[in-house]
S.K.: 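Sharing a structure with you now.
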Amino acid sequence: MPTFGNGRRVAIVAGVRTPFVKAGTAFKSLSSQDLGRLAVTELLQRTNLDGKEVQAVVFGTVVPNVQAPNIAREVSLLPMLPKGVESFTVSRACASANQAITDGADQIALGHYDVVIAGGAESLSNVPILHSRGFSDALVAASKAKSMGQRLQAFAKIRPRDLVPIAPAIAEPSTGETMGQSAEKMAKLNDVPREEQDQFALRSHRLAAAGTTDGRLTAEIVPVWVPPKYETVATKDNGIREDTSYEQLASLKPVFDKRYGSVTAGNASPLTDGGAAILLMSEERAKALGYAPIGYIRSYSYAALDPGEQLLQAPVLAAPVALKRAGLTLADIDLVEMHEAFAAQVLSNLRGFESQAWAERAGFPAPVGEVDRARLNVMGGSISIGHPFGATGARILTTLCNELGRRGGQFGLMTVCAAGGMGHAMVVERA
Ligand SMILES: CC(C)(COP(=O)(O)OP(=O)(O)OC[C@H]1O[C@@H](n2cnc3c(N)ncnc32)[C@H](O)[C@@H]1OP(=O)(O)O)[C@@H](O)C(=O)NCCC(=O)NCCS
């Protein structure tokens, strides 16, 4: 049986997350490290794992807290984990939790560790706001000043425009293109009409609402008392709109290309706060400790393309490689989970899976194939559930494994697109 490592299979023992909530709402006074700690605490409690078993914590985040840039270390300093648990933080844009998971899995496959917690967290309510270059220069000069006169001279150089704060943009540093503009471009290049995007967004909300009502999604969520008053409890994702309709979605105005565009607030993933964590173990240790893993990692891959081309299309290059490494084809896959940054991106990725030209670019003679929609994102995705950048990968992996188990499936494929023109794919198996 192929495994990505040296024969040591990596078990996914369990996964859990906080509710995913729209930025600026219930979790606005929680930091990303708070969100990560909530997820890891619950993971330890649900699995009844003695913290002493944990050897490493790997966490992903995209917009780091400047005062605590190694979020993994802050999470690993939870009281129930020994201080000797090593920890490191990774960044691969929206695939950061995936990077954390594969880094943790690599360490297990190499035989360095047997028990690793991997995940990610993001607080888009708390992004660092920067000073302008002019204001920073003045502050540095003032701090070096040797007299009051010199200090006043440094501040005298500040111009009104220097006082305008700078917020991080969701834009490519290399091209200046925002994610939304990239999604617009992909919709046009891949002929994805507005109607299809809105229908896909509607489907995302309907399926996520069903998964919330019947408890499949909420079972993966730790309820969180909402600070600062702690009078209410967040128990579910607050971006899922049970009552949305195609007509409502179709009435929304395009955001990123107001004149000719098709990407709206309704068919894009919202800015979101949340944390998620996964418990990884070597198969031997999981069995020795008496766990019944929810899945095993069979293969994974990463790919990249020119960010100026189709920014969110690299899953199309990563998926065939992951399938090949797994020794499988799409026909073997019971469930597909595709990160929904934008409906336009999902539908472009799906078209890419069917395209001979994209297959050849990925180095394959034939396309991945057509994804059976009945097996795709069966409990919705990031458009409805939300997308805390650093955490999403761990949410998707948890849902994929749990749903595979409920359906008696054997193999699952997940893909995640990421800024920088990067893409990730992973194949999991149940037993
Ligand atoms: C698209 C985006 C700019 C929208 O932000 P926003 O304007 O704050 O979004 P809102 O939630 O306020 O929605 C705007 C309006 O659309 C409506 N709306 C959104 N989704 C809807 C839905 N599914 N059904 C009906 N109405 C909806 C809202 O009710 C709101 O209406 P209002 O103005 O009357 O209150 C923001 O979500 C964004 O930047 N998303 C992309 C994030 C991104 O790039 N991620 C990276 C991906 S890898």
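One-based numbering, in listed order, for ligands and for the atoms of each. The figures here come from the full heavy-atom set of this structure, side chains too, leaving out hydrogens, waters and symmetry mates.
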S.K.: Return the residue, atom name and 0.1 Å-rounded distance of the protein heavy atom closest to atom 43 (C) of ligand 1.
M.R.: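 Scanning the protein heavy atoms, the shortest distance from atom 43 (C) of ligand 1 goes to Phe342 CZ, 4.0 Å.
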S.K.: Run down the list Arg241, Gln248, Met179 and name the one with the heavy atom closest to atom 27 (C) of ligand 1.
M.R.: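 Among Arg241, Gln248, Met179, the closest heavy atom to atom 27 (C) of ligand 1 belongs to Arg241.
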S.K.: Which of the numbered atoms in ligand 1 are under 4.0 angstrom from any heavy atom belonging to Pro270?
M.R.: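 Close to Pro270: 37 (O).
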S.K.: Would you say Ile221 and Thr235 make side-chain contact, with heavy atoms under 4.5 Å?
M.R.: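 They are not in contact (no side-chain heavy atoms under 4.5 Å apart), so the answer is no.
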S.K.: Do any pairs count as a ring-ring contact (aromatic ring centres under 6.0 Å, His included) and have a residue in residues 314-372, sequence neighbours left out, and if so which ones?
M.R.: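 Every pair satisfying ring-ring contact (aromatic ring centres under 6.0 Å, His included) with a residue in residues 314-372: His339-His387.
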S.K.: Looking at atom 37 (O) of ligand 1, is any protein heavy atom nearer than 4.0 Å to it?
M.R.: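 Protein heavy atoms within 4.0 Å of atom 37 (O) of ligand 1 - there is at least one.
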S.K.: Considering only protein heavy atoms, determine whether one is less than 4.0 Å from atom 11 (O) of ligand 1.
M.R.: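 Yes, there is a protein heavy atom closer to it than 4.0 Å.
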S.K.: Pairs in or reaching into residues 202-222: which pass ring-ring contact (aromatic ring centres under 6.0 Å, His included), with residues at least two apart or in two chains?
M.R.: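 Pairs touching residues 202-222 that pass the test: none.
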S.K.: How far is atom 48 (S) of ligand 1 from its nearest protein heavy atom, and which residue and atom is that?
M.R.: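 Sorting protein heavy atoms by distance from atom 48 (S) of ligand 1 puts Cys94 SG, 3.1 Å first.
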S.K.: So which protein heavy atom does atom 3 (C) of ligand 1 come closest to, and at what separation?
M.R.: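 Here the nearest protein heavy atom works out to Val255 CG1, 4.0 Å.
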S.K.: Roughly how far, to the nearest 0.5 Å, is the CD atom of Gln345 from the SG atom of Cys94?
M.R.: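 With rounding to 0.5 Å, SG (Cys94) is 9.5 Å from CD (Gln345).
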S.K.: Looking at Arg37 and Asp34, is any side-chain nitrogen of the basic one under 4.0 Å from a carboxylate oxygen of the acidic one?
M.R.: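 The answer is no: the pair does not qualify as a salt bridge.
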S.K.: Is it true that Arg17 and Glu42 have a side-chain N and a carboxylate O under 4.0 angstrom from each other?
M.R.: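 No, this pair does not count.
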S.K.: Short N/O distance, under 3.5 Å, between Thr244 and ligand 1?
M.R.: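 Indeed, backbone or side chain, Thr244 has an N or O that close.
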S.K.: Salt bridge check: are Asp273 and Lys22 linked by an N-O gap of less than 4.0 Å?
M.R.: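 No, no charged N to carboxylate O under 4.0 Å.
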S.K.: Considering non-hydrogen atoms of the protein only, which is the closest contact for atom 13 (O) of ligand 1, and what is the distance?
M.R.: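 Atom 13 (O) of ligand 1 sits closest to the protein heavy atom Ala265 CB, 3.4 Å.
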S.K.: Using a 4.0 Å heavy-atom cut-off, say whether Leu312 meets ligand 1 through its side chain, its backbone, both or neither.
M.R.: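 Within the 4.0 Å criterion, Leu312 makes no contact with ligand 1.
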S.K.: Between Tyr296 and Arg430, is there a cation-pi geometry (under 6.0 Å to ring centre, at most 45° from the normal)?
M.R.: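 No.
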S.K.: Right, does atom 16 (O) of ligand 1 have protein non-hydrogen atoms nearer than 4.0 Å?
M.R.: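 Yes, at least one protein heavy atom sits under 4.0 Å from atom 16 (O) of ligand 1.
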S.K.: Closer than 4.0 Å to some heavy atom of Lys22 - which atoms of ligand 1 meet that?
M.R.: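 Contacts of ligand 1 toward Lys22, numbered from 1: 11 (O).
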S.K.: Going by the order shown, which atoms of ligand 1 are within less than 4.0 Å of some heavy atom of Ala341?
M.R.: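 So the answer, numbered in order with elements, is 47 (C), 48 (S).
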S.K.: Does atom 7 (O) of ligand 1 have any protein heavy atom closer than 4.0 Å?
M.R.: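 False for atom 7 (O) of ligand 1.
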S.K.: Using a strict cut-off of less than 4.0 Å between a Lys/Arg side-chain nitrogen and an Asp/Glu carboxylate oxygen, indicate whether Arg351 and Glu370 qualify as a salt bridge.
M.R.: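 Salt bridge between Arg351 and Glu370, a charged N being under 4.0 Å from a carboxylate O: no.
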S.K.: Could you find the nearest protein heavy atom to atom 45 (N) of ligand 1 and give me its residue, atom name and distance?
M.R.: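 Atom 45 (N) of ligand 1 sits closest to the protein heavy atom Phe389 CE2, 3.8 Å.
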S.K.: Quick one, Ser269 with Ser382, criterion side-chain hydrogen bond (donor to acceptor under 3.5 Å, both in side chains). Give me CA distance, side-chain angles, the key distance, then yes/no.
M.R.: CA-CA 6 Å; Ser269 56; Ser382 302; over 6 Å; no
S.K.: Please confirm whether Gln345 comes under 4.0 Å of ligand 1, counting heavy atoms of the residue only.
M.R.: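 No, Gln345 has no heavy atoms under 4.0 Å from ligand 1.
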S.K.: Run the contact test for Ser269 against ligand 1 with a 4.0 Å cut-off on heavy atoms, strictly below, and give the result.
M.R.: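 Yes; Ser269 lies near enough to ligand 1 that a heavy-atom distance drops under 4.0 Å.
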S.K.: What I'd like to find out is whether the side chain of Asp334 reaches to under 4.5 Å of the side chain of Leu404, using heavy atoms alone.
M.R.: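 Touching, per the 4.5 Å side-chain cut-off.
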S.K.: Would a 4.0 Å cut-off, counted as strictly less than, catch a protein heavy atom around atom 34 (O) of ligand 1?
M.R.: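 No, there is none.
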S.K.: Can a salt bridge be assigned to the pair Glu184 and Arg194 using a cut-off of 4.0 Å between side-chain N and carboxylate O?
M.R.: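 Here Glu184 does not pair with Arg194 in a salt bridge, since their nearest N and O are not under 4.0 Å apart.
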S.K.: Which one holds for Thr178 and ligand 1: side chain close, backbone close, both close, or neither close, with close meaning a heavy atom under 4.0 Å?
M.R.: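 The answer is neither.
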S.K.: Is atom 30 (C) of ligand 1 touching the protein, meaning some protein heavy atom lies under 4.0 Å away?
M.R.: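 Under the 4.0 Å cut-off, atom 30 (C) of ligand 1 has no protein heavy-atom neighbours at all.
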